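Remarks on the structure that follows.
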Amino acid sequence: MKTYLPSGLPKPVPQPDGLDAPYWEGTRRGELRVQRCRACRAWQWGPEWICHACLSFDLAWEAIDGRGTIYSWERVWHPVHPALEDAGPYLVVLVELPHAGGIRMIGNLLGDPHQTVTIGAPVDAVFESHEDHALVQWRLT
Amino acid sequence: MANLKDKYCIVGVGETEFSKNSGRTTKAMAVEAVRKAILDAGLKASDVDGMMSYQNGDSTFAPFVGPDLGIRLNFYMDVVGGGSSTEALIGLAIGAIEAGMCKTVALFRSMNGYTEFRIGGTGARSAAPVRGADLAQVPFGMRSAGQNFAMTFMRHMYDYGTTSEQVAHVKQAHSRHAVNNPKAFEKKRVTVQDVLHSRWICEPLHLLDCCLETDNATCVIVTSAERARDLKQRPAYIMGVAGRVSKPRVDYHWAHGPISRVAGYYAKDIVFGQAGITPEDVDITGSYDAFTFTTMLQLEEYGFCKKGEGGHYVSSGIIELGGKRPNNTSGGHLCEGYTHGMAMVVENVRQLRGTVDDTCPGAAEGKHTYDYSPGKCRQVKDPEITMNLGWAMPATGSALIMRK
């Protein structure tokens with residue numbers, strides 16, 4: 001299983017109350033889902049029990065178009081975990097999603113870690129398979 | 001605290017050595033720092049009846065430190081937190097005294113920030129499972145403070161044309177201050193070029209854009225202006241305080257709104273409103289310089305320059321000793337040592353007293369040369385008002401304005 005970062009990072013543990021389960025189910029099926037308020041139609045990330053725009057508890061999960069743009073980025077050289085000892089450099093991007101109200105998500109930018117990265121560049125969600133979950137990564141389009 | 005302006009003071013300060021090998025427990029260090037602050041204030045141990053501290057599961061607790069010092073506490077509280085806690089706790093100490101719960105409060109932070117708990121996800125922290133908001137960052141290799149802030153810096157450069165060279169001036173200035181601070185851990189002048197040629201930690205942050213990691217304990221003592229009158233030191237009067245002011249979201253702060261807006265944007269109206277002054281009235285700033293650019297961001301957000309002009313401000317000479325408004329005259333976290341913000345309050349108290357511990361022969365009596373060349377003076381001439389800009393992360397900040 002080829003992954004962008006080496007194995008050994010702490011395993012994601014979905015919330016025991018099931019709050020973010022629709023997100024993780026979606027990623028396994030190649031679908032990017034985020035919450036949207038049924039009352040005021042606001043999008044939000046991360047997952048919460050309440051809409052932080054209108055305070056309604058009536059939230060739905062919607063699959064969204066995985067196209068976005070790079071809002072900011074960083075190239076990591078110094079390892080911050082034993083599993084990342086020889087992993088640097090690698091790229092982390094903050095991606096803005098215009099099809100979901102402009103909310104932003106963090107992921108890795110696939111490809112050459114030494115590449116020139118441009119704020120505003122268009123990217124597309126890629127679903128990276130792991131043993132029992134999938135991570136949403138990004139590639140330039 | 002508009003009606004409490006000037007009614008409370010910092011009357012004692014103390015600290016242990018800044019090192020990378022304390023070889024001591026956080027309790028032993030806290031006891032030393034609090035003892036030194038009590039002696040500095042000219043208080044008896046039994047005069048202190050309140051104690052507070054902050055920590056992240058990495059330190060001792062106030063009720064264990066007090067009794068070692070012969071103090072029976074009427075009030076204690078240990079809170080979770082790192083940066084931005086000092087100023088917030090000073091405000092809470094005023095509240096506790098005002099409520100009649102106690103009369104004099106010692107605040108401390110004690111941490112083996114190098115030998116026990118380093119920054120980031122190393123050591124025991126590396127094995128912890130990833131839950132909650134961490135799920136959105138940690139699986140992508142983003143968990144350290146530097147990584148959390150680098151995105152903000154990168155976007156600031158894009159939005160405002162800020163450069164690495166401009167913010168490197170912060171390290172250059174603070175290193176010049178530290179050379180004149182006998183207790184600074186890193187007493188070596190560093191140039192802008194040194195910063196730019198140091199290795200990448202997380203682009204756009206170089207190694208020398210990042211603060212030190214040290215073992216240290218630090219203490220400040222808060223009491224009423226009335227109680228302060230017959231104590232040993234000239235009191236540093238508290239004009240205004242704002243504590244743990246936050247952005248609309250603290251977790252996921254990067255998911256919504258402008259990323260280079262930090263909490264100081266919201267804190268400034270509270271703290272300047274209480275003090276009844278403007279940034280122009282401040283003689284010395286003490287920023288939370290976890291990184292070079294965090295200093296720049298705070299100075300911008302508190303209104304020392306216009307938003308987007310922080311790069312110019314920090315590279316103009318204003319922030320250096322001898323400049324219009326020196327910042328972190330001790331060398332700060334970048335050069336003196338790292339104890340989550342309290343040491344910069346200690347430094348400003350000493351500046352207001354006029355007794356900064358430089359190498360001027362008469363420093364303890366307030367006689368200084370004001371010669372800021374290497375190894376000499378770091379006392380600012382007759383400062384009236386200082387300000388501390390505390391921060392924990394882009395989304396949380398605290399501030400304190402003091403006068404002599």
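All chains are named by letter (A, B, ...) in the order of the sequence lines, taking the proteins before the strands, and each is independently numbered beginning at 1. A quick note: this is a predicted structure, and the numbers were derived from the prediction, not measured.
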Side-chain contact, heavy-atom cut-off 4.5 Å: [X] with [Y]?
{"X": "P10(A)", "Y": "R143(B)", "result": "yes"}
{"X": "W24(A)", "Y": "L135(B)", "result": "yes"}
{"X": "H78(A)", "Y": "L205(B)", "result": "no"}

Is it the case that over 12 heavy atoms from other parts of the model lie below 6.0 angstrom from the [atom1] atom of [X]?
{"X": "K306(B)", "atom1": "NZ", "value": "no"}
{"X": "H312(B)", "atom1": "NE2", "value": "no"}
{"X": "D86(A)", "atom1": "CG", "value": "no"}
{"X": "Y90(A)", "atom1": "OH", "value": "yes"}

Which heavy atom of [X] sits nearest a heavy atom of [Y], and at what distance?
{"X": "R155(B)", "Y": "I119(A)", "value": "NH1-CG2, 3.3 Å"}
{"X": "W73(A)", "Y": "E203(B)", "value": "CH2-OE2, 3.8 Å"}
{"X": "V76(A)", "Y": "Q147(B)", "value": "CG1-NE2, 3.1 Å"}
{"X": "L135(A)", "Y": "P139(B)", "value": "CD2-CB, 3.8 Å"}
{"X": "F140(B)", "Y": "V92(A)", "value": "O-CG2, 3.7 Å"}
{"X": "V80(A)", "Y": "S144(B)", "value": "CG1-CB, 3.5 Å"}

Task: Side chain / backbone / both / neither for L207(B) at chain A, heavy atoms under 4.5 Å - done: neither

Straight-line distance of [X] [atom1] to [Y] [atom2], nearest 0.5 Å:
{"X": "E74(A)", "Y": "I201(B)", "atom1": "CD", "atom2": "CD1", "result": "12.5 Å"}
{"X": "S72(A)", "Y": "M157(B)", "atom1": "OG", "atom2": "CE", "result": "8.0 Å"}
{"X": "E96(A)", "Y": "W254(B)", "atom1": "CD", "atom2": "CH2", "result": "12.5 Å"}

Task: Verdict with reasoning, R249(B) to E48(A), per side-chain contact (heavy atoms from CB on, under 4.5 Å) - done: CA-CA 12 Å; R249(B) 284 202 74 94; E48(A) 296 296 344; 2.9 Å; yes

Open item on the list: Please check: side-chain N/O of R104(A) versus main-chain N/O of G257(B), any donor-acceptor pairing under 3.5 Å?
Closed with: yes

Open item on the list: Strictly distance-based, threshold 3.5 Å: is any side-chain N or O of H256(B) a donor or acceptor partner for the main-chain N or O of G102(A)?
Closed with: no

Select, from [options], the one with the greatest count of heavy-atom pairs under 4.5 Å involving chain B.
{"options": "L97(A), L94(A), I103(A), L84(A)", "result": "L94(A)"}
{"options": "Y71(A), W45(A), Y23(A), Y4(A)", "result": "Y71(A)"}
{"options": "V95(A), L91(A), V136(A)", "result": "V136(A)"}

